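All values derive from a computational prediction rather than experimental measurement. Nothing fancy with the numbering, it's 1 onward along the sequence.
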Amino acid sequence: MKLSVIIVNYNVSAFLEQALASAVKAMRGIEGEIYVVDNHSVDNSVAMVKAKFPQVNLIENQDNVGFARANNQAIRISTGEYVLLLNPDTLVEEDTFEKCIRFMDETPDCGGLGVKMVDGQGRFLPESKRGIPYPSSSFYKLFGLSKLFPKSKKFGAYHATYIGEDETHEVEVLSGAFMMMRRSVLDKVGLLDEDYFMYGEDIDLSYRILKGGYKNYYFPQTRIIHYKGESTKKGSLNYVYVFYKAMQIFARKHFSANNAKIFNVAVDAAIWFRAALAAVKRILGKILLPLLDFALIYAGLFALSKYWEHAVLMHRNSSFADYYFYGVLVGYTLLWQLAIWISGGYRKPVNRSKLNRGIVAGTVVILLIYALLPETMRFSRAVVVMGAVWALLAVNVLRQLLVRAHLLDLDTRRLRQRIAIVGGPEETARVLNMVQSMNVPREFVGIVTTQSLDKETPLCIGSIEDLPELLRIYQMNEVIFCAKDLPADQIIGWMNRLQDQPVEFKIAPEDALSLIGGNSIFTAEDLYTIPTQPVYLPGNRRRKRAFDIVSSLLLLLLLPLDIWFVDGKGAFVRNLFAVLGGRKSWVGLRRTSQSKETTLPEGVLHPADAYPDVAFSDEMLARTEELYVRNYRVWNDVTILARGWRKAVQE
């Protein structure tokens with residue numbers, strides 16, 4: 001046996017499915033085996049592996065035993081000459097295993113091997129190559145010197161930034177996301193240290209490989225996508241605490257007593273420093289934008305008032321009192337900011353509609369107060385109106401500048417995604433069918449073909465060679481790659497090439513019902529998953545029943561007209577009264593549905609009837625019903641009934 005691939009999984013079924021699919025492809029032509037060790041996942045990970053990857057050796061743990069212990073379980077029973085530890089949130093290229101094995105065969109002093117890792121947007125991940133976290137290198141990283149002097153071997157030691165991204169080179173530490181090792185080396189230096197539950201075990205094993213007389217290599221001649229690498233909240237205090245406590249275990253094991261003591265003091269100081277930094281950052285994050293708004297709005301009001309005073313009031317032998325500039329204008333500004341805050345304009349990411357709504361509401365309040373004041377306290381309505389225009393302009397321009405400087409994020413959840421699907425005809429049709437059944441605001445732009453350009457196909461907007469230009473012309477902000485039609489190296493290559501474009505990338509694994517996104521393994525939006533608003537909640541039950549009653553009464557009222565548009569007139573009338581009486585619902589599940597939701601009334605129509613022109617497979621029918629049950633909205637019933645009421649003749 002040449003290679004044993006070991007994947008430890010915990011509740012990331014969709015990512016695991018993609019990782020396994022890519023690993024199976026990469027294993028072709030290699031005598032190897034794949035192990036999945038599941039740490040008591042409560043999603044459908046185990047069932048998915050059994051159903052879709054029967055050739056994979058599955059170990060089902062009854063508890064979450066941690067990364068190190070779970071890997072060791074499989075290492076001990078595996079038989080490969082080489083052992084690869086692979087994260088479930090990865091995607092490997094088709095020739096990754098072959099290239100790595102060839103390099104290790106040709107490099108006998110290589111004890112461990114890591115590869116070039118990129119995130120879900122194609123950006124290089126610095127943890128692809130690292131150094132031992134000595135007290136000095138850890139200090140330089142913790143306090144930012146490594147970022148200031150990345151080419152310095154001294155200051156850039158932690159992430160080996162002095163080594164080029166595309167340069168094969170010796171390194172000290174490999175990433176546990178992809179860590180290929182010789183079994184003979186593991187037999188000599190030992191397996192993963194189970195004292196580490198999370199973080200640090202890969203550093204510990206890499207160090208022991210070096211101590212055993214072998215070398216670790218960074219091998220960028222092949223690439224993998226590592227989603228978690230981009231999304232782990234490494235700036236969070238919890239991450240700092242957990243990671244550097246793991247480093248203290250490492251220091252106690254491998255450093256001298258004095259060095260370990262120094263290291264631990266440095267780590268404790270770093271944790272407190274990062275905690276203080278995080279607290280300051282949180283405070284500044286909350287008050288900095290309001291302070292900038294206040295300065296801009298007040299400065300504009302002050303300038304407008306001075307202009308009005310000189311241009312208008314002085315000709316009337318009048319002027320503003322001093323307290324107007326330092327009291328009234330401050331009050332105006334604070335009222336506008338209070339209205340912005342109440343409307344949600346200071347929540348992040350920034351929603352411009354809420355921001356502008358706050359300015360308008362604040363203006364109305366100020367004008368109402370102005371109208372109620374005695375004549376002697378009414379200063380200038382014109383300044384208020386001009387100030388409102390200035391406030392709208394200033395706060396929006398400020399946010400635009402902050403967004404362009406990557407200091408602020410806009411709320412894009414309400415923006416319609418303009419999507420293109422890249423692949424061959426059959427797979428793009430399947431993925432489009434899947435996307436249309438998902439609860440995501442979107443606008444399908446077209447298909448970018450990987451085959452010869454077919455101008456006769458109305459959905460085809462161009463070939464993959466023209467993808468950069470197509471993105472610009474059609475202003476697309478999301479691209480879905482079909483893994484069935486594009487090898488992983490091409491997908492990664494295109495992501496890398498387009499990484500500076502304002503576009504999100506997703507991958508549709510072959511035969512899977514998920515789209516893997518590139519932002520975060522922990523964020524639901526990265527998978528096209530469904531927010532949980534199940535239909536069986538009492539509130540949703542009431543809304544569904546109310547819709548059935550109202551729509552039935554409306555159809556009954558219009559019965560002299562609508563009866564002529566259905567074929568089975570008797571069945572339609574019987575269904576109408578059955579829904580009105582509560583025995584049926586206008587929208588429900590198929591009788592053959594395997595959904596766990598069994599208490600819904602029988603449906604006259606079904607969720608797939610929202611797409612009358614689409615031919616659904618049984619698998620996709622089940623998927624649409626799952627989406628309907630898990631994320632109920634009355635509008636779904638409205639849409640389905642509006643599109644399918646003429647079919648409401650089934651009994």
Answer yes when Arg102 and Glu98 have at least one side-chain N-carboxylate O distance shorter than 4.0 Å, and no when they do not. yes
Asn87 side chain to Asp89 main-chain N or O, any donor-acceptor pair under 3.5 Å? no
Determine, step by step, whether Ile6 and Leu86 satisfy the side-chain contact (heavy atoms from CB on, under 4.5 Å) criterion, reporting the C-alpha distance in whole Å, the side-chain angles of both residues, the deciding distance to 0.1 Å, and the verdict. CA-CA 6 Å; Ile6 297 169; Leu86 184 68; over 6 Å; no
Is Leu113 close to Asn216 at the side-chain level, that is, under 4.5 Å between some pair of heavy atoms? no
Polar side chain donor-acceptor pair, Gln18 to Tyr227, under 3.5 angstrom: yes
Partners passing side chain to side chain contact (heavy atoms under 4.5 Å, CB included) against Ser184 (at least two apart in sequence or in another chain): Arg182
Under 3.5 Å donor-acceptor, Lys188 side chain and Ile209 backbone: no
Give the intermediate values and the outcome of salt bridge (Lys or Arg N to Asp or Glu O under 4.0 Å) for residues Asp204 and Arg208. CA-CA 6 Å; Asp204 181 273; Arg208 284 189 280 124; 2.8 Å; yes
Which atom of Ala508 lies closest to which atom of Leu515, heavy atoms considered: CB-CD2, 3.5 Å
Rounded to the nearest 0.5 Å, how far does CD of Glu194 lie from CZ of Phe67? 12.0 Å
Is there a side-chain contact between Ser4 and Tyr82, using heavy atoms and a 4.5 Å cut-off? no
Just so I know, are the side chains of Val65 and Asn39 near enough to count as touching, which here means a heavy-atom distance under 4.5 Å? yes
Let me check something: any side-chain donor-acceptor pairs from residues 483-501 under 3.5 Å, sequence neighbours excluded? List them with distances.
| unit_1 | atom_1 | unit_2 | atom_2 | d |
| --- | --- | --- | --- | --- |
| Asp485 | OD2 | Gly424 | N | 2.6 |
| Asn496 | ND2 | Gly122 | O | 3.1 |
| Gln499 | NE2 | Asn496 | O | 3.0 |

Check: Glu478 side chain, Ile419 main-chain N or O, donor-acceptor pair, under 3.5 Å: no
Please evaluate residues Glu201 and Asn71 with respect to the criterion side-chain hydrogen bond (donor to acceptor under 3.5 Å, both in side chains), reporting the C-alpha separation (whole Å), side-chain torsions for both, the decisive distance (0.1 Å), and the verdict. CA-CA 11 Å; Glu201 55 277 288; Asn71 271 299; over 6 Å; no
Tightest non-hydrogen contact, residues Val189 and Gly212, listed as CG1-CA, 4.2 Å
Between Gly111 and Val185, what is the shortest heavy-atom contact and its length? CA-CG2, 4.0 Å
Minimum-distance pair of heavy atoms, taken over all atoms of Cys100 and Thr222: SG-CG2, 4.0 Å
Residue of the set Leu471, Leu467, Ile421, Val479 for which side chain to side chain contact (heavy atoms under 4.5 Å, CB included) holds with Val448: Leu467
Any donor-acceptor pair under 3.5 Å linking the side-chain atoms of Arg130 with those of Ser206? no
Salt bridge between Lys215 and Glu170, side-chain N to carboxylate O under 4.0 Å? yes
Do Asp202 side-chain atoms and Gly176 backbone N/O form a donor-acceptor pair below 3.5 Å? yes
Tested for side chain to side chain contact (heavy atoms under 4.5 Å, CB included) against Met181, the lone hit among Leu191, Leu84, Leu205 is Leu205
Distance in Å, His226 NE2 paired with Leu125 CG, rounded so as to fall on 0.5 Å steps: 7.5 Å
N/O donor-acceptor pair under 3.5 Å between Asp119 side chain and Gln121 backbone: yes
How long is the span from the NZ atom in Lys25 to the CG atom in Asp95, to the nearest 0.5 Å? 13.0 Å
Tell me whether Glu81 is salt-bridged to Arg183, with the criterion being a basic N under 4.0 Å from an acidic carboxylate O. no
Would you sort out whether Asn57 and Val36 count as a side-chain contact (heavy atoms from CB on, under 4.5 Å), showing the intermediate values? CA-CA 6 Å; Asn57 301 292; Val36 169; over 6 Å; no
Verify, without hydrogens or angle tests, whether Thr107 (side chain) and Met104 (backbone) share a donor-acceptor contact under 3.5 angstrom. no
Which heavy atom of Leu470 sits nearest to which heavy atom of Ser463, and what is that distance? CD1-O, 3.8 Å
Is any NZ, NE, NH1 or NH2 atom of the basic residue among Asp105 and Lys2 found under 4.0 Å from an Asp or Glu carboxylate oxygen of the other? yes
side-chain contact (heavy atoms from CB on, under 4.5 Å) for Ile507 and Ile225? Distances and angles first, verdict last. CA-CA 11 Å; Ile507 298 175; Ile225 297 177; 3.9 Å; yes
Student check: side-chain heavy atoms of Leu85 and Ile75 closer than 4.5 Å: yes
Is the shortest heavy-atom distance from the side chain of His169 to the side chain of Lys129 under 4.5 Å? no
Side chains of Asn61 and Gln73 in contact at under 4.5 Å (non-hydrogen atoms): yes
Decide yes or no for Val115 and Gln221: does some side-chain heavy atom of the first lie under 4.5 Å from some side-chain heavy atom of the second? no
Value rounded to 0.5 Å, distance of CZ in Arg223 from CG in Asp166: 9.0 Å
Test item: side-chain donor near acceptor, Asn9 and Ser41, under 3.5 Å: yes
Run the salt bridge (charged side-chain N to carboxylate O under 4.0 Å, His left out) test against Lys50 and tell me which residues pass, sequence neighbours left out. Glu60
Would you check, one step at a time, whether the test side-chain contact (heavy atoms from CB on, under 4.5 Å) holds for Thr161 with Ile163? CA-CA 5 Å; Thr161 50; Ile163 298 174; over 6 Å; no
Working to the nearest 0.5 Å, report the span between OH of Tyr207 and CD of Glu172. 9.0 Å
For Asp511 against Glu427, the heavy-atom pair lying closest together: N-OE2, 4.4 Å
Judged by atom type as modelled, is there a donor-acceptor pair below 3.5 Å linking the side chain of Glu33 to the main-chain atoms of Thr79? yes
Between Ile59 and Asp38, is there a side-chain heavy-atom distance shorter than 4.5 Å? no
Output yes when a side-chain donor or acceptor of Asn72 lies under 3.5 Å from a complementary backbone atom of Leu192, and no otherwise. yes
Could you grab the distance from atom OH of Tyr218 to atom CE of Met117, nearest 0.5 Å is fine? 9.0 Å
